[in-house]
Student: 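This is the structure I want to talk about, given as structure tokens.
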Amino acid sequence: CGDREVRRCSTDSLLFGQTFDGMLGFLKNPVVVTAEINVNLVALTVMGLISRLWGLSYPRAVVFDEVYYGQFVSLYMKRIFFVDDSGPPFGHMLLALGGYLGGFDGNFLWNRIGAEYSMNVPVWSLRLLPALAGALCIPLAYQILVELQFSHCAALGGALLILLENSLITQSRFMLLESILIFFILLAVLSYLKFYNLQRHRVKYMGLFTYMLLLAIAGLHFWHMLGNQNLSNVSLLCHFLARGLALIIIPVAMYLSFFYVHLTLLYRSGPHDQIMTSAFQASLEGGLARITQGQPLEVAYGSQITLRNVLGKPMQCWLHSHTNTYPIRYENGRGSSHQQQVTCYPFKDVNNWWIVKDPGMQQLVVSNPPRPVRHGHIVQLVHGITTRYLNTHDVAAPLSPHSQEVSCYIDYNVSMPAQNLWRVEIVNRETDTDVWKTILSEVRFVHVNTSAVLKLSGASLPEWGYRQLEVVGEKLSKGYHQSMVWNVEEHRYGKSQEQKEREVELHSPTQMDISKNLSFMAKFTELQWKILTLKNEDTEHKYSSSALDWITMDTNIAYWLHPTSGAQIHLLGNVLTWASANVAAVIYVCLSLWYLVRRRRKIYDIPEDAWQLWVSAGEICVGGWAVNYLPFFLMEKTLFLYHYLPALTFQILLIPIVLQHLSDYLCRSLLSKTMFRALIVAWFSSVYLVYCTFSPVTYGEPSLSVAELKDLRWKDSWNILIRKQ
Amino acid sequence: LPPAVPGWRVGGPRGTGTWNELSHVDCLRCSRLCFVFIFSSWDETHFGKMGSYYINRTFFFDVHPPLGKMLIGLAGYLSGYDGTFPFQKPGDRYEQHNYMGMRGFCAFLGSCLVPFAYLTVLELSKSLPAALLTACILIFDTGCITLSQYILLDPILMFFLMGAVLSMVKCNACADRPFSASWWFWLSLTGVNLAGAMGVKFVGLFVVLLVGLNTIYDLWDLLGNLSLSLVMFGKHLLARVLCLILLPLALYTAVFAVHFTVLNKSGPGDGFFSSAFQSQLIGNNLHNVSIPEHLAYGSVITMKNLRMAGGYLHSHWHLYPEGVGARQQQVTAYLHKDLNNLWIIKKPDSDADPSSPVEFVRHGDIIRLEHKETSRNLHSHQHEAPLTRKHFQVTGYGINGTGDSNDFWRIEVVGRKPGKLIKVLRSQVRLTHVATGCILGSSGKTLPKWGWEQVEVTCTPYLKDTPNSLWNFEDHINPKLPNISLDVLKPSFAEILLESHMVMIRGNSGLKPKDNEVTSKPWHWPINYQGLRFSGVNETDYRVYLLGNPVVWWLNLFTIGLYLLTAISTAVALKRGVQLSSELKELSRVVLRGGGQIALGWLLHYLPFFMMGRVLYFHHYFPAMLFSSMLTGITWDTLLKFFAGFLSPSTAARRVYGGGILALVLLIMYSFYLFHPLSYGMIGPMASDPSSPMAGLRWMDSWEF
């Protein structure tokens with residue numbers, strides 16, 4: 001076996017190829033393990049690790065968004081459920097893994113940027129995974145460029161540009177998600193390029209756009225394959241199915257598995273419970289489950305219930321009433337019925353209890369056997385404490401004059417009869433005879449006389465209504481909306497004194513554990529929907545910026561400031577790299593258009609294979625830049641400079657591509673080639689110089705004097721913190 | 001493979017019989033109006049009022065470009081409407097007012113959609129039955145009928161939109177004889193229609209996009225044609241630039257020129273515009289204004305922000321809510337004229353002695369601005385502004401003019417030397433906060449409910465001279481000074497045009513849905529999920545409900561899926577090099593080229609709505625619905641031809657094909673018979689009541705008729 005080629009790895013990869021020459025072979029010949037090591041790659045990786053890991057636990061204080069992600073790590077450590085709208089839980093889980101490996105117990109109050117970490121926080125291991133991901137981006141970039149068939153020299157240049165990019169360094173060195181996101185995006189691109197079994201991971205939803213790009217590219221490749229008449233239909237179908245499996249089924253399965261792990265890990269109730277539905281809350285340990293466990297499932301005539309509005313916006317609340325009445329006249333002069341107020345109240349309260357009553361009978365207790373309420377039944381709702389009936393009538397509601405006022409009826413003898421009959425409509429029923437179930441059923445209450453629907457208007461009442469939320473009867477638009485849907489949360493069968501002995505019997509028959517009934521898919525759909533629709537209230541942040549500012553880096557983010565000295569960390573890019581990347585993108589687009597138009601006229605400036613390379617490189621790099629950047633213009637959330645970093649990575653990869661193309665095809669004479677190379681060397685040294693200049697605010701060391709800080713403020717819009725002496 | 005059905009290609013005189021039929025139905029649509037329907041309904045109050053404004057020549061502000069309302073006004077004027085009906089709320093009676101002209105005009109344009117769609121499909125598919133099917137769908141769609149019966153912008157918009165599509169298709173058909181008279185005619189007509197569509201609503205932009213993409217495709221084709229010299233290509237390019245860019249732009253601008261010429265009287269929309277613009281309007285307080293020219297201490301003034309659609313510096317008794325900076329009095333920018341916009345210029349230290357002589361304010365002076373109504377000083381401090389967190393908060397502070405050193409501002413005029421006087425209206429002024437060095441500006445962001453949705457005012461620490469941080473003095477009251485008649489710098493037409501566009505765009509983005517408001521979602525539309533109540537709520541009212549004919553709409557929806565399948569399988573078959581007969585080749589061309597254009601039109605008129613933040617309504621889907629209907633005609637015709645082709649004797653094939661088309665047409669007509677009360681009006685119990693004649697027709701719970 002000695003002189004036989006064992007296995008050829010791709011020349012540049014860090015893979016160790018090894019083979020055993022059969023069971024018999026090794027008896028005759030010694031086992032040979034050949035390895036090819038690309039020194040470039042090793043060197044890049046080492047440099048990357050040094051640049052990202054050096055002094056990782058400095059500063060030993062909360063830096064910028066660590067204050068945000070840290071909370072989630074703590075919650076993971078304590079197994080408490082949370083919802084974060086910034087993305088699927090995979091990134092959070094990776095951060096938590098760092099904490100887990102470092103033995104973090106989750107006990108730290110993440111309340112302030114700049115707060116000193118206590119001794120129990122394993123800063124180094126918490127920051128390790130993002131830093132490793134950031135460091136590995138450098139060899140990945142190298143590999144991508146090589147896979148795109150560009151020279152090792154260009155690939156080395158591209159990787160070095162990533163290495164010397166201050167913003168990427170800053171972002172990798174803390175407990176933040178961007179570097180992990182970039183790592184997986186690059187890995188996915190590389191995997192596709194290598195045509196391996198492609199795996200897509202998702203850290204934040206921005207990863208989705210790269211995924212779409214890859215799908216589109218794969219679709220395009222398949223389309224070209226379709227035109228190949230040599231392939232049989234069957235083999236094409238196989239190709240198609242294989243791609244479908246690799247590009248769709250596996251990512252979807254992985255995506256689901258992240259949520260599965262997330263939901264399995266977090267089984268305790270926590271701060272974000274209230275945005276979930278009652279059923280979801282009941283499935284968590286502690287919290288609502290403690291209350292609802294063992295309560296009867298089917299709502300019957302005589303049941304005592306609390307009704308929660310399903311919408312959960314602006315906050316979760318329960319149908320409520322109290323002895324106060326609507327003021328006779330509102331501030332704007334309109335009149336009211338002066339009957340008892342009905343509101344939606346965001347806290348648990350004894351006044352949230354209502355009794356379901358059969359209009360035909362007087363009793364307020366559950367008969368034996370209980371008569372369950374079904375879809376379409378007509379009921380009266382009696383307020384438990386005041387025993388007044390839920391009522392609505394043709395009087396304008398206090399804040400929403402197009403809707404009807406909802407009140408608890410008081411008979412003033414003013415020829416305003418009680419209109420207190422409501423039809424129960426179960427929205428998520430399976431058949432028309434479904435029984436109204438605790439927690440699980442979503443019901444609408446349709447007023448029998450006026451066909452108005454009981455609705456939470458979302459407005460909060462003035463002082464006279466104690467700022468509680470307004471409840472109205474909606475007459476105009478009765479299409480499905482969650483604000484009109486209610487579900488029973490707490491429930492018990494009503495019983496008078498003499499029925500006390502039957503209490504145990506009443507509870508036993510319909511007991512059930514709702515958490516067992518909620519499948520993973522149901523939980524997943526709900527959580528996914530909440531993540532997508534959750535809107536954060538904070539409209540603007542001190543360091544937020546608009547997407548347009550990013551191209552020219554007109555903005556920065558101050559991450560951390562030393563409490564006494566002037567040492568500080570900023571998210572600031574390498575200005576020269578950013579500018580060059582922009583120039584490269586413009587050159588690429590202009591040249592491509594030029595070639596395209598010329599080719600249309602059958603004039604071929606560059607050889608066909610060079611053109612193919614040029615196009616495929618553009619698909620990845622310009623496409624990657626566009627899909628990671630342009631969607632931000634359509635987003636309404638608060639944007640920060642770091643959102644641009646994935647797009648920037650692709651843009652930086654474009655620089656060596658354009659440079660190599662220019663030197664290969666546009667510098668024709670030897671002299672111009674030499675000059676071009678000299679220019680590149682000069683430019684590269686300036687990139688390094690800029691990197692060095694800004695490294696004090698990248699690493700937070702050494703501390704700079706006021707004059708030095710002022711010198712660093714290259715743009716007026718940058719916010720460099722200067723301490724007043 | 002079997003041959004396609006022979007004998008259905010249209011040649012020679014194109015369906016003259018059909019024209020008669022179509023015009024007959026159009027008459028039907030128009031004559032409906034004369035059926036006494038005397039109430040104003042829904043948005044009529046809006047656009048009818050604007051038509052009245054044109055007749056009265058009163059200036060107003062609307063978020064849409066003016067062409068549609070101008071045409072409504074013109075129609076009203078020509079038909080003898082005098083512009084006096086107040087259009088206050090839906091359901092008001094028109095009484096003796098002559099509104100038929102305006103309604104008739106809209107209905108006429110709405111009727112034109114049918115022949116336009118007919119001709120477009122005929123041109124694309126070269127098949128009379130396909131065109132007839134499309135026409136039939138549009139004639140018998142209750143939604144299209146309802147929408148074109150009232151004084152609304154939509155029929156006008158759709159008229160121009162379909163006109164543009166038709167002329168584009170016709171122009172493509174003339175591609176074999178470029179630069180002929182008919183080629184020029186259709187090309188320039190496309191341009192005219194594009195200008196029309198853009199001039200009615202900004203939604204017209206989507207059809208501009210469609211025509212633009214088509215033109216690029218066209219040019220790319222020509223570029224690849226090596227027998228065409230570059231000079232010829234240049235001519236092609238120039239012709240398109242001329243007809244599709246320059247001509248529409250000129251017309252669009254002309255529309256605005258007419259708009260500003262006609263509306264020369266002051267009206268409800270003044271405050272949205274700059275002081276210079278307002279001075280043009282007869283009746284505005286700035287028209288031929290006579291006020292003291294130079295600013296003096298003790299003067300009562302209003303300050304207007306110089307950014308486009310910037311408001312007046314405003315304050316009121318309400319405080320900033322807890323958690324938003326310091327709990328002091330709000331200072332905002334407000335677009336309307338109001339007493340709370342008045343401020344008094346004072347010296348920093350003391351109130352001026354009323355008997356002392358007039359002292360003028362000079363460039364570089366330190367002043368204090370006192371709010372006239374509340375006697376609080378304009379104040380800023382190092383708290384974050386409510387929305388723009390990088391800026392400082394601006395508040396009203398102090399009692400009866402006594403505050404602290406944070407109330408002092410340095411007043412500077414752009415491009416002026418220290419010591420010069422400050423002129424009303426003409427001077428562009430910057431107010432610098434003395435203590436922190438920041439500049440007073442308006443960020444242009446709308447405050448939430450607590451700020452009455454007025455515009456945020458901040459103090460920006462970034463010292464840039466943008467219009468955001470520049471102000472001018474508009475009103476100026478000082479009894480001690482002589483009034484002088486001022487000729488304000490007249491703004492150029494380009495400035496007016498730009499300004500009005502900024503105001504419109506800002507107005508459009510300001511139409512946000514409120515919390516918990518049930519709004520129409522784009523995914524509702526193609527499934528005809530929920531209609532719009534046009535008039536009448538109660539059982540005794542005469543009710544009109546905008547809802548598409550469900551059979552038509554669900555057919556359309558189904559056909560979109562069918563088309564996708566057809567197009568994909570055709571494209572794959574072609575790519576795999578399957579040999580097709582000449583008939584099938586023709587069919588595949590119709591599916592891919594003709595159907596593709598229409599499908600693209602549907603996508604362009606539908607998908608963008610998913611990304612819009614503003615309030616959306618059901619009727620926004622109707623332009624897309626037109627494309628969808630044309631696609632239905634083309635797809636079914638092609639599919640029926642294809643499947644009929646499998647039957648060998650040509651009579652059987654014809655029978656299957658003809659029967660299929662006829663069945664569809666009859667189905668649509670019958671469904672129209674069922675649903676026609678939706679658009680022609682219903683009275684009596686609601687459909688949810690079993691005794692109603694419409695009882696069985698409430699197929700979806702969300703329909704409310």
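Each chain gets a letter, A, B and so on, in the order the sequences are listed, and its residues count up from 1.
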Student: Need one label for A/Ser403: side chain, backbone, both or neither, based on atoms under 4.5 Å from any heavy atom in chain B.
Tutor: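 Interface part for A/Ser403: neither.
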
Student: Does any heavy atom of chain A fall under 4.5 Å from the side chain of B/Ala385, the backbone, both, or neither of them?
Tutor: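 The answer is neither part of B/Ala385.
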
Student: In terms of heavy-atom proximity below 4.5 Å to chain B, should A/Leu236 be classed as side chain, backbone, both, or neither?
Tutor: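 For A/Leu236, the side chain is the part near chain B, not the backbone.
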
Student: Using 0.5 Å steps for rounding, measure from the CG atom of B/Asn225 to the CZ atom of A/Arg601.
Tutor: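 If I round to the nearest 0.5 Å, the distance is 7.5 Å.
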
Student: Please classify the contact between B/Leu230 and chain A as side chain, backbone, both or neither, with a heavy-atom cut-off of under 4.5 Å.
Tutor: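 It is both, since atoms from each part get that close.
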
Student: Any chance you could measure A/Leu634, atom CG, to B/Phe610, atom CZ, to the nearest 0.5 Å?
Tutor: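 Between A/Leu634 CG and B/Phe610 CZ, I get 14.0 Å after rounding to 0.5 Å.
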
Student: For atom NE2 of B/His318, is the number of surrounding heavy atoms from other residues, nucleotides or ligands below 6.0 Å larger than 12?
Tutor: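 It does: B/His318 NE2 has more than 12 such atoms within range.
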
Student: I'd like to check A/Arg600 versus B/Asp221 (side-chain heavy atoms, cut-off strictly below 4.5 Å). Are they in contact?
Tutor: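 A side-chain contact under 4.5 Å exists here.
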
Student: Could you look at B/Trp220 and say if it's the side chain, the backbone, both or neither that has a heavy atom under 4.5 Å from chain A?
Tutor: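 Both the backbone and the side chain of B/Trp220 come within 4.5 Å of chain A.
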
Student: Tell me whether the count of non-hydrogen atoms from other residues, nucleotides or ligands lying under 6.0 Å of CZ in A/Phe633 goes above 12.
Tutor: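 Above 12, so yes.
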
Student: Does CH2 belonging to B/Trp452 count more than 12 external heavy atoms closer than 6.0 Å?
Tutor: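 12 or below, so no.
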
Student: Which atoms of B/Leu219 are under 4.5 Å from chain A, going by heavy atoms: the side chain, the backbone, both sets, or neither?
Tutor: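 It is neither, since no heavy atom gets under 4.5 Å.
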
Student: In Å and rounded to the nearest 0.5 Å, what is the CG to CZ distance from B/Leu223 to A/Arg598?
Tutor: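 Taking CG in B/Leu223 and CZ in A/Arg598, the distance rounds to 11.5 Å.
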
Student: A quick test of your reading: do over 12 heavy atoms of other residues, nucleotides or ligands sit less than 6.0 Å from NZ of A/Lys715?
Tutor: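 Enclosed: over 12 neighbouring heavy atoms sit under 6.0 Å from NZ of A/Lys715.
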
